[in-house]
Amino acid sequence: MATITGIPAGWPADETAARAVQDALRDRVVLDETGPPPGAGPVTGIDVAYDDERDVVAAAAVVLDPATLDVVEEATAVGRVAFPYVPGLLAFREIPAVLGALEALRTDPGLVVCDGYGVAHPRRFGLASHLGVLTGLPTMGVAKNPFLFAEGELGPERGSTAPLLDGTEEVGRAVRTRARVKPVYVSVGHRVSLDNACAHALSLTPAYRQPETTRRADRLCRDALAAL
DNA sequence: GCGACAG
DNA sequence: ATCTTGTCGC
């Protein structure tokens, strides 16, 4: 059964307020911890599906065993859409429902893998970082597009990487998870090193371009939305 | 001002 | 994200 989630009190109502929240919370991101390496603890995938017509959102959290990638526990939450989609402000749209799904878990989520950016964000505070600060959990982001940042050339083989650069600063890394297939874009969210985040991205992709965490959560939240 | 723009 | 059929390939 999906948990019903409300929109948190004080949730920003417009873009100006949302950017102010990002500016107020960005300093709380912890970047000096290495986090759990692959295999050291559970990994949890998060994803959200929308029906803007009906103003409903469904979020899913799926906990996987780090060695076998088998599902340990899953939870869903549904609610009303909390914010419109605005590039750079995705977290305000997704986080309320995601928090509901995470809170419904009784297992330790371990490392949380998000769909989108962590610090590879215009204000260094993408969805993964925001979720990390609010929950205290180690988080990382895996996006399908680089957009904002320059991407170096990377080899065609699985495991090759190239820095995502904002000027001279490496804010993330393009990671080839399948040979000759477009890479994914990994960035640190909270309490994880970029090296560890990239290692997780690879350990979570034994068969497809996207991490198993993301694939499992994506399917679950779609099903939860369709079941409404 | 115009276009680009995670999901 | 979501709207959507068939189709090429392993």
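Every chain is numbered from 1 and lettered A, B, ... according to where its sequence line falls, protein lines coming before strand lines. We use all heavy atoms of the structure for the numbers below, so side chains are in, but hydrogens, waters and symmetry mates are not.
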Tabulate protein N/O versus nucleotide N/O from nucleotides 1-4 of chain C, keeping only pairs under 3.5 Å, one per line.
from, atom 1, to, atom 2, distance (Å)
C:dA1, OP1, A:Arg222, NH2, 3.2
C:dA1, OP2, A:Lys144, NZ, 3.4
C:dT2, OP2, A:Arg222, NH1, 3.3

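The CG-C1' distance, from A:Asp52 to B:dG7, rounds to 11 Å in whole Å. Between the C1' atom of B:dC5 and the CD atom of A:Glu15 lies a distance of 12 Å, rounded to the nearest Å. The nearest whole Å value for the distance from the OH atom in A:Tyr85 to the P atom in B:dG7 is 7 Å.
Residue-level contact check: A:Gly141 touches neither bases nor backbone, having no heavy atom under 4.0 Å from any strand. Among the heavy atoms of the strands, none lies under 4.0 Å from A:Leu148. Nucleic acid contact class of A:Leu89 (heavy atoms, under 4.0 Å, all strands): base.
Between A:Phe92 and A:Phe83, the ring planes are tilted. Angles from 30° to 60° get that label. Ring planes of A:His130 and A:Phe125: tilted class, angle from 30 to 60°.
Considering only heavy atoms from C-beta on, A:Glu94 stays 4.5 Å or farther from A:Leu131 through its side chain. With contacts defined as side-chain heavy-atom distances shorter than 4.5 Å, the pair A:Arg93/A:Val86 does not qualify. Contact of the A:His190 side chain with the A:Met140 side chain is not registered, since no non-hydrogen atoms from C-beta on lie closer than 4.5 Å.
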Quiz item: Under a cut-off of 3.5 Å for both distances of each Watson-Crick or G-U pair, what dot-bracket string does DNA chain C give, using [ ] for crossing pairs and | for inter-strand pairs?
Solution: ..........

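The two residues A:Pro66 and A:Pro42 make their nearest non-hydrogen contact at CD-CA, 4.0 Å.
In summary, the side chains of A:Thr5 and A:Arg80 do not present any donor paired with an acceptor at a separation below 3.5 Å, with no hydrogens or angles considered. No side-chain N or O of A:Gln210 forms a donor-acceptor pair with one of A:Arg215 less than 3.5 Å apart.
Look at A:Asn145 and you'll find a side-chain N or O under 4.0 angstrom from OP1 or OP2 of B:dG7.
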